[in-house]
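One structure is given below, encoded as structure tokens.
Not measured: the values here are computed from a predicted model.
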Amino acid sequence: MTSMPLEERIGAHIKRAEQALLAAKNTACKPAAVTVPQYAALLWLAEKPGISAAALARLCGVTPPTMNTVLRNLQERGFIERTPHEWHRNVLETRLTPEGRAAMELADAGAVRVERALAAAFSAEERAQLTELLGRCAEVLDPLK
């Protein structure tokens, strides 16, 4: 017997939902031939062209080494280009190529379908409450890192 029953562990429920969401988004991103981490990077690059790998890693919630692997794979496929920053030569600016934008748009169409299906399972009030509760979870857990 553990010190806390499994069904009472909120973290286990959050993890189960996260895994289901990632599996659904992986399926949704398959037509674009990108993974969810690659899709996330492409999505942020569409919003913030020229962003550094370190800043992109923070936005995507991954470590800088993980982001460098994601970016290397995207660059090898011709989805992004990386050029030295005009003033900071040690910083590489990253931008989508037309092929990368097309892949991002295709993956995003699938991801949006997943998000809409998930949202449709809740009323507007429930969605607002869920968003607030998950935000509270993050606020409680962030200081424990």
Side-chain angles (χ1 to χ4, degrees), residues 4 6 8-145:
M4 181 179 202
L6 293 176
E8 291 179 18
R9 294 177 186 232
I10 294 172
H13 296 285
I14 292 171
K15 183 66 175 176
R16 182 171 170 243
E18 177 195 30
Q19 288 174 323
L21 176 62
L22 286 175
K25 283 195 175 181
N26 269 319
T27 299
C29 288
K30 274 190 180 183
V34 294
T35 64
V36 172
Q38 290 170 339
Y39 158 67
L42 293 172
L43 190 63
W44 277 110
L45 286 168
E47 291 291 317
K48 298 181 175 290
I51 192 170
S52 70
L56 189 57
R58 284 189 294 278
L59 288 171
C60 292
V62 299
T63 64
T66 297
M67 183 52 63
N68 282 328
T69 300
V70 168
L71 293 176
R72 185 174 53 250
N73 290 335
L74 291 171
Q75 189 171 20
E76 287 171 1
R77 297 181 60 200
F79 288 173
I80 62 166
E81 58 186 14
R82 302 182 79 192
T83 56
H85 187 276
E86 185 178 344
W87 303 301
H88 305 287
R89 295 291 176 199
N90 292 338
V91 174
L92 291 176
E93 293 183 319
T94 307
R95 288 186 169 72
L96 293 178
T97 63
E99 296 83 3
R101 182 165 298 282
M104 182 278 298
E105 289 172 355
L106 182 58
D108 194 46
V112 166
R113 282 191 300 276
V114 170
E115 292 284 351
R116 286 190 176 142
L118 181 58
F122 301 95
S123 69
E125 184 179 308
E126 288 172 326
R127 285 191 304 272
Q129 184 179 25
L130 180 59
T131 301
E132 190 275 324
L133 292 171
L134 290 171
R136 193 179 327 158
C137 288
E139 288 171 14
V140 168
L141 296 171
D142 279 342
L144 301 176
K145 293 189 223 176

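- A donor atom on one side chain and an acceptor atom on the other are not found under 3.5 Å apart for S123 and E125.
- T97 contributes a side-chain N or O that, together with a main-chain N or O of F79, makes up a donor-acceptor pair within less than 3.5 Å.
- Counting only heavy atoms from C-beta outward, the side chains of T83 and L92 never approach each other to under 4.5 Å.
- The CD atom of E105 sits 10.5 Å away from the CG atom of L42 when rounded to the nearest 0.5 Å.
- The local environment of CD in E47 is sparse, with at most 12 non-hydrogen atoms from other residues, nucleotides or ligands closer than 6.0 Å.
- Ion pairing between K15 and E18 holds under the 4.0 Å rule for side-chain N and carboxylate O.
- You'll find the side chain of P37 stays beyond 4.5 Å of the side chain of V62, heavy atoms only.
- A distance of 14.0 Å separates CG in L106 from NZ in K30, rounded to the nearest 0.5 Å.
- Look at R95 and E93 and you find a salt bridge, because one of the NZ, NE, NH1 or NH2 atoms lies within 4.0 Å of a carboxylate O, short of that distance.
- Between atom CG of residue D108 and atom CZ of residue R101 there is a gap of 11.0 Å, rounded to the nearest 0.5 Å.
- Scanning all heavy atoms of the two residues, the minimum distance from M104 to Y39 falls at O-CE1, 4.2 Å.
- Atom-to-atom distance recorded for E8:CD and L6:CG is 9.5 Å, nearest 0.5 angstrom.
- At distances below 3.5 Å, at least one donor-acceptor pair connects side-chain atoms of R77 with backbone N or O atoms of A33.
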*asked:* Apply side chain to side chain contact (heavy atoms under 4.5 Å, CB included) to residues K48 and L59 and explain how you reach the verdict.
replied: CA-CA 11 Å; K48 298 181 175 290; L59 288 171; 3.7 Å; yes
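- Using a 4.0 Å cut-off between a side-chain N of Lys or Arg and a carboxylate O of Asp or Glu, E115 and K25 qualify as a salt bridge.
- With rounding to the nearest 0.5 Å, the separation of CG in N68 from CD in Q75 is 10.5 Å.
- In L133, the CG atom is crowded: over 12 heavy atoms of neighbouring residues, nucleotides or ligands sit closer than 6.0 Å.
- No side-chain heavy atom of N73 sits under 4.5 Å from any side-chain heavy atom of V70.
- Within the 4.5 Å cutoff, no side-chain heavy atoms of W44 are placed close to those of I51.
- Nearest heavy-atom pair, E99 versus G78, reported as atom, atom and distance to 0.1 Å: OE1-O, 3.7 Å.
- Within the model, atoms CG of L22 and SG of C29 stand 10.0 Å from one another, a figure rounded to the nearest 0.5 Å.
- For L71 against I80, the heavy-atom pair with the smallest separation is O-CD1, 3.4 Å.
- No side-chain donor from either of T69 and T66 sits under 3.5 Å from a side-chain acceptor of the other.
- Of all heavy-atom pairs between R82 and A53, the closest is NH2-CB, 3.4 Å.
- Between the side chain of R113 and the backbone N or O of A28, no donor-acceptor pair lies under 3.5 Å.
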